[in-house]
Visitor: 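Here it is: the structure, laid out below.
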Amino acid sequence: MVPRPLIAVVGQTASGKTSLAIDIAKAYKGEIICADSRTVYQDLNISTAKPNLAEQREVPHHLLDILKPSEPYSAADFQKAATRVISDIYSRNNLPIVVGGSGLFVDALLYNFSFKNKADPVLRNELTHRSIKELQAIILQKGLSLPENHKNPRHLVRTIEMNGFIPKKEKLRPDTLLIGLAIDKDTLENRIQSRVHNMIENGLIEEIQQNVSRYGWDAPGLQEPAYKAFRPFIEGRQGLEQSRHELITQHIQFAKRQHTWFKRNRDIVWVNNKSEALNNIQGFMSNYLLQ
RNA sequence: GCAGGGUUAGUGAAGCGGUCAAACACGGCAGACUGUAAAUCUGCUGGCAUAUGCCUUCGUAGGUUCGAAUCCUACACCCUGCA
């Protein structure tokens, strides 16, 4: 079987993944697959710091803008879609580059998570209104054991939906280089600050207002920091400065959760900057280019 | 100048004689997380020891009391009303 190399770039928000991925793509005839739970959505452009049109023109991007914010999207959906896109890319003899900050999505793809028991909207809606105690009781009644996060309503609901299914994962996909783009905390926080500043300059508030009037605050795609931070401002309960500040905080908190997720993965090859990354990639790709 | 209100841990804010190292919220730190994941949730958050232990805190200084963040006095700063 022909080896099929794949490069994945992970890291915290604002760590510079997009720019690195584009460089890789240009160097190796690559196409980018966005492993990102928010940039899949149309109409979320400013708030997600989505690759801009110029960047998208430079290199093909996949799984961007494929859904309306009113539609739900899951890690399993991503896994399926990305798998298909990757085989298309190979059929063009190009290099797939998976880039994203959604750790679960990346892992689902690279470790071939075994998904099962898709959520039933009716059951989920019913369960969502239950208290934690009630959910725990249901689980125990069914003879299932409580999830690791036994006080997390969402995980409790999922446990009920899975109905005893034990999820599995495999080893890291062969022929894969998993690169982690590290960044120190101060630099990251500065970048987030100026990123938020630019978002507001570029019309973040208008984008939020438009999407909210079109899809409503509760739309699945709109569950993200900008909407949380700016809702009180848009509803006239809070000043702009306060919301701006909250958005920065939310992004920093998100970055921290990403860090927690990625740092336990021993397969990640951490690099501190672009040139370190490109060096690693060169070594990795040399295994394939000679054939 | 007179009268009244205020000053609590990183921030906001409870507490108004003992059960107060001091509720709660936010922030911070660490962590979990396979069909909601930029979501959601957990633990810790004065110092030191880390098991029920000790030490230093509630504007500052003094006092009352067996015992004070809580009462009294003085001082400092802030806000409101009358001047």
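Throughout, protein chains are lettered first and strands after them, A, B, ... in sequence-line order, and every chain is numbered starting at 1. All values below come from the heavy atoms of this structure, side chains included, with hydrogens, waters and symmetry mates left out.
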Visitor: Among residues at least two apart in sequence or on other chains, which ones pass side-chain hydrogen bond (donor to acceptor under 3.5 Å, both in side chains) with A:Gln223?
Guide: none
Visitor: For B:G17, what is the paired nucleotide under Watson-Crick or G-U wobble rules, both distances under 3.5 Å?
Guide: none
Visitor: Can you sort out the partners of A:Gln210 under side-chain contact (heavy atoms from CB on, under 4.5 Å), two or more places apart, ordered by chain and number?
Guide: A:Arg214
Visitor: Answer yes if the side chains of A:Ser74 and A:Asp77 hold a donor-acceptor pair under 3.5 Å, and no otherwise.
Guide: yes
Visitor: Please list all pairs meeting side-chain hydrogen bond (donor to acceptor under 3.5 Å, both in side chains) that have one or both residues in residues 139-148 of chain A, counting only residues at least two apart or in different chains.
Guide: none
Visitor: Starting at atom CD of A:Gln242, determine the distance to atom C1' of B:G12, rounded to an integer number of angstrom.
Guide: 11 Å
Visitor: Taking atom types as they are modelled, would you say the side chain of A:Asn117 forms a donor-acceptor pair with the base of B:G35 within the 3.5 Å cutoff?
Guide: no
Visitor: Going by number, which of residues 171-187 of chain A have a non-hydrogen atom under 4.0 Å from RNA chain B?
Guide: A:Lys185
Visitor: Any residue in residues 212-241 of chain A with a heavy atom nearer than 4.0 angstrom to RNA chain B? Just list them by number, or reply none.
Guide: A:Gln223, A:Glu224, A:Pro225, A:Lys228
Visitor: Between B:G4 and B:C58, how many Å separate the two P atoms, rounded to a whole number?
Guide: 26 Å
Visitor: Please list every donor-acceptor pair under 3.5 Å in which a side-chain atom of residues 106-115 of chain A meets a protein atom from a residue at least two apart or in another chain.
Guide:
unit_1	atom_1	unit_2	atom_2	d
A:Asp107	OD2	A:Trp261	NE1	3.0
A:Tyr111	OH	A:Asn265	OD1	3.2
A:Tyr111	OH	A:Asn265	ND2	3.1
A:Tyr111	OH	A:Asp267	OD2	2.6
A:Asn112	ND2	A:Glu170	OE1	3.4
A:Asn112	ND2	A:Glu170	OE2	3.0
A:Ser114	OG	A:Lys168	N	2.7
A:Ser114	OG	A:Lys168	O	3.2

Visitor: Using purine N1 to pyrimidine N3 plus N6-O4 or O6-N4 for Watson-Crick, or N1-O2 and O6-N3 for G-U wobble, each under 3.5 Å, what pairs with B:G53?
Guide: B:C48
Visitor: Paired with B:G12: which nucleotide, if any, by Watson-Crick or G-U wobble criteria at under 3.5 Å for both distances?
Guide: B:C24
Visitor: Could you give all pairs that pass the ring-ring contact (aromatic ring centres under 6.0 Å, His included) test and reach residues 237-258 of chain A, with sequence neighbours left out?
Guide: none
Visitor: Rounded to whole angstroms, how far apart are CG on A:Asp120 and P on B:U36?
Guide: 14 Å
Visitor: Would you indicate which nucleotide in B:G31, B:A38, B:U36 comes nearest to any side-chain atom of A:Lys263?
Guide: B:G31
Visitor: With ring-ring contact (aromatic ring centres under 6.0 Å, His included) as the rule and sequence neighbours excluded, what pairs involving residues 56-102 of chain A come up?
Guide: A:Tyr73-A:Phe105, A:Phe78-A:Phe105
Visitor: Would you indicate what A:Ala108 reaches in the nucleic acid, counting non-hydrogen atoms under 4.0 angstrom: base, sugar-phosphate, or nothing?
Guide: nothing
Visitor: Using Watson-Crick or G-U wobble geometry with both distances under 3.5 Å, which nucleotide pairs with B:U40?
Guide: B:A32
Visitor: Suppose the criterion is ring-ring contact (aromatic ring centres under 6.0 Å, His included): which pairs have a residue in residues 136-176 of chain A, not counting sequence neighbours?
Guide: none
Visitor: Excluding sequence neighbours, so at least two apart, what forms side-chain hydrogen bond (donor to acceptor under 3.5 Å, both in side chains) with A:His259?
Guide: none
Visitor: Taking atom P in both B:A49 and B:C16, what distance in whole Å separates the two?
Guide: 34 Å
Visitor: Enumerate the residue pairs fulfilling salt bridge (charged side-chain N to carboxylate O under 4.0 Å, His left out) with a member in residues 220-234 of chain A, sequence neighbours excluded, ordered by first and then second residue.
Guide: A:Arg231-A:Glu235
Visitor: Figure out the CG/C1' separation between A:Leu127 and B:G35, and round it to whole Å.
Guide: 15 Å
Visitor: Have a look at A:Gln253 and say if it touches a base, only the backbone sugar-phosphate, or nothing, with a 4.0 Å heavy-atom cut-off.
Guide: sugar-phosphate
Visitor: Counting only Watson-Crick pairs (N1-N3 plus N6-O4 or O6-N4) and G-U wobbles (N1-O2, O6-N3), all under 3.5 Å, who is the partner of B:A61?
Guide: B:U73
Visitor: Describe the nucleic acid contact of A:Thr13 in one word from base, sugar-phosphate, nothing, applying a heavy-atom distance below 4.0 Å.
Guide: nothing
Visitor: Please list each protein N or O that sits under 3.5 Å from an N or O in nucleotides 41-45 of chain B, with the distance.
Guide:
unit_1	atom_1	unit_2	atom_2	d
B:C41	O4'	A:Asn152	ND2	3.1

